[in-house]
Visitor: 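So that we are looking at the same thing, I have put the structure below in structure tokens.
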Amino acid sequence: MGTYIALLRGINVGGHRKIKMVELREVLSKNGFDQVQTYIQSGNILFQSAERDSIKIAATIRKLIDKAFGFPVPVLVVSSERLRTILENNPFQNVAEENLLFFTLLKEVPEPEKVMEFKGIQFEGEHFHITEYCVYLSFTGNYRNAKLNNNYIEKKLKVEATTRNLKTMRKLLAMMG
């Protein structure tokens, strides 16, 4: 059994696409996922699975959510090892305030041409570092006003993504043990 985190995108925001975490835990537990836990209402799910392919796990969870709640939700699944590596390799960990650090996790490796184009982007007060599965973000202002946001990153890299702050990433890693 592997330990994973499923990160849902765009749920429980502004009263739309509501999913109660207790109901989500129940749906996943009844469908082959073990030791299912959630963290806050934005769709962070810790679980164990015998399946080792994170893309297959994400597809299964996406189908279960669509069936149970009546709408599709982008799902990104990350292994405990990948989450730990992402946090350990944060290039901004010693140079930025913790509340201004974010991680945009990528569902798949973007095409090299898209990465090269992306590396040429510059916005004042917004800094990034891109790896195969993560865009590390550091801001001098508020993320809510950032131009370099999740939608922009998805559009430029042509991959599904979801963004979490440093506090959430650390908590998820701690929950994994």
Side-chain angles (χ1 to χ4, degrees), residues 1-87 101-111 114 130-137 143-144 146 148-177:
M1 290 284 231
T3 302
Y4 300 90
I5 294 283
L7 303 167
L8 310 185
R9 180 156 180 260
I11 65 161
N12 299 335
V13 178
H16 301 287
R17 295 167 29 127
K18 292 186 117 186
I19 297 177
K20 292 183 179 179
M21 294 299 105
V22 66
E23 293 172 9
L24 180 59
R25 287 191 301 271
E26 187 177 309
V27 167
L28 295 180
S29 294
K30 287 181 178 179
N31 286 281
F33 295 95
D34 295 321
Q35 298 184 19
V36 179
Q37 302 174 56
T38 55
Y39 173 65
I40 62 178
Q41 295 297 313
S42 59
N44 304 292
I45 311 149
L46 173 71
F47 60 92
Q48 290 188 343
S49 174
E51 175 62 62
R52 296 291 183 176
D53 185 329
S54 61
I55 298 294
K56 285 182 183 177
I57 296 170
T60 299
I61 293 172
R62 187 176 190 146
K63 287 177 191 171
L64 289 170
I65 290 171
D66 196 5
K67 182 178 177 184
F69 300 99
F71 51 85
V73 172
V75 178
L76 188 143
V77 173
V78 181
S79 69
S80 57
E81 296 83 16
R82 180 168 290 160
L83 185 68
R84 183 172 286 105
T85 299
I86 287 170
L87 278 167
L101 293 175
F102 293 82
F103 303 79
T104 299
L105 295 122
L106 308 173
K107 190 169 189 172
E108 54 197 310
V109 178
E111 295 176 12
K114 298 293 179 199
I130 185 170
T131 64
E132 286 185 332
Y133 291 101
C134 184
V135 179
Y136 297 89
L137 303 165
Y143 176 74
R144 280 184 279 212
L148 193 57
N149 59 36
N150 199 93
N151 290 338
Y152 185 86
I153 291 169
E154 281 185 326
K155 180 180 174 185
K156 291 297 182 183
L157 294 177
K158 304 286 189 227
V159 297
E160 278 188 21
T162 190
T163 301
R164 298 296 189 270
N165 64 29
L166 178 61
K167 179 181 176 182
T168 297
M169 295 285 283
R170 283 182 174 160
K171 179 63 177 180
L172 293 173
L173 187 60
M175 288 173 68
M176 291 177 138

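This structure is a prediction, so every number in the text was calculated from the model and none was measured.
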Visitor: Do Ile153 and Leu106 have side-chain heavy atoms sitting under 4.5 Å apart?
Guide: yes
Visitor: Output every pair passing salt bridge (charged side-chain N to carboxylate O under 4.0 Å, His left out) with a member in residues 47-56, not counting sequence neighbours, ordered by first then second residue.
Guide: none
Visitor: Start with the C-alpha distance between Phe103 and Thr168, add both sets of side-chain angles, then the distance that settles side-chain contact (heavy atoms from CB on, under 4.5 Å), and finish with yes or no.
Guide: CA-CA 10 Å; Phe103 303 79; Thr168 297; over 6 Å; no
Visitor: Restricting to non-hydrogen atoms, name the atom on Lys156 and the atom on Lys114 that form the minimum distance, rounded to 0.1 Å.
Guide: O-CD, 3.6 Å
Visitor: Could you report the tightest heavy-atom contact between Ser79 and Met176, atom names first, then the distance?
Guide: C-CE, 4.2 Å
Visitor: Kindly give the heavy-atom pair with the smallest separation between Leu173 and Ser80, and that separation in Å.
Guide: CD1-O, 4.4 Å
Visitor: I need the Leu157 CG to Glu108 CD distance, nearest 0.5 Å.
Guide: 10.5 Å
Visitor: Just by distance, do the side chain of Gln48 and the backbone of Asp34 share a donor-acceptor pair under 3.5 Å?
Guide: no
Visitor: Mind checking the CG-OG1 spacing from Leu105 to Thr163? Nearest 0.5 Å is all I need.
Guide: 7.5 Å
Visitor: Angle between ring planes, Phe47 versus Phe33, binned at 30° and 60°: parallel, tilted or perpendicular?
Guide: perpendicular
Visitor: Is the closest side-chain heavy-atom distance between Leu87 and Leu166 below 4.5 Å?
Guide: yes
Visitor: Could you state the interatomic distance from CD1 (Ile86) to CE (Met169), rounded to the nearest 0.5 Å?
Guide: 5.0 Å
Visitor: Rounded to the nearest 0.5 Å, what's the gap from CZ on Arg25 to CE on Met21? Could you check?
Guide: 8.0 Å
Visitor: Distance check, rounded to the nearest 0.5 Å: Ser49 atom OG versus Asn31 atom CG?
Guide: 11.5 Å
Visitor: Closer than 3.5 angstrom, by distance alone: can the side chain of Tyr136 be matched with the main-chain N or O of Thr131 as a donor-acceptor pair?
Guide: no
Visitor: Might you point out which heavy atoms bring Ala58 and Val75 nearest each other, and give the distance in Å?
Guide: CB-O, 3.5 Å
Visitor: What distance separates Leu137 CG from Ile130 CD1, expressed to the nearest 0.5 Å?
Guide: 10.0 Å
Visitor: Quick one, Val135 and Leu148 - any side-chain contact, counting heavy atoms below 4.5 Å?
Guide: no
Visitor: Apply side-chain contact (heavy atoms from CB on, under 4.5 Å) to Leu8 and Thr162, showing your working.
Guide: CA-CA 7 Å; Leu8 310 185; Thr162 190; over 6 Å; no
Visitor: Ignoring hydrogens, what is the shortest heavy-atom contact between Lys158 and Lys155? Give both atom names and the distance.
Guide: NZ-O, 3.2 Å
Visitor: Going by the salt bridge (charged side-chain N to carboxylate O under 4.0 Å, His left out) test, which pairs reach into residues 60-80, not counting sequence neighbours?
Guide: Arg62-Glu160
Visitor: Measuring only between side-chain heavy atoms, which start at C-beta, is Val78 closer than 4.5 Å to Leu172?
Guide: no
Visitor: Given Leu28, which of Ile45, Ile65, Thr60 fulfils the side chain to side chain contact (heavy atoms under 4.5 Å, CB included) condition?
Guide: Ile45
Visitor: So, Asn44 side chain and Ile5 main chain: donor-acceptor pair closer than 3.5 Å or not?
Guide: no
Visitor: Please give me the minimum heavy-atom distance between Phe71 and Lys18, naming the atom from each residue.
Guide: CZ-O, 3.7 Å
Visitor: Do the side chains of Arg9 and Glu154 get nearer than 4.5 Å, heavy atoms only?
Guide: yes
Visitor: Between Thr3 and Leu46, does a side-chain contact (heavy atoms from CB on, under 4.5 Å) hold up when you go through it step by step?
Guide: CA-CA 7 Å; Thr3 302; Leu46 173 71; 3.6 Å; yes
Visitor: Quick one: does Tyr143's side chain get under 4.5 Å of Asn165's, heavy atoms only?
Guide: no
Visitor: Would Val109 and Tyr133 count as a side-chain contact (heavy atoms from CB on, under 4.5 Å) if you check the C-alpha gap in whole Å, the side-chain angles of each, and the deciding distance to 0.1 Å?
Guide: CA-CA 6 Å; Val109 178; Tyr133 291 101; 3.4 Å; yes
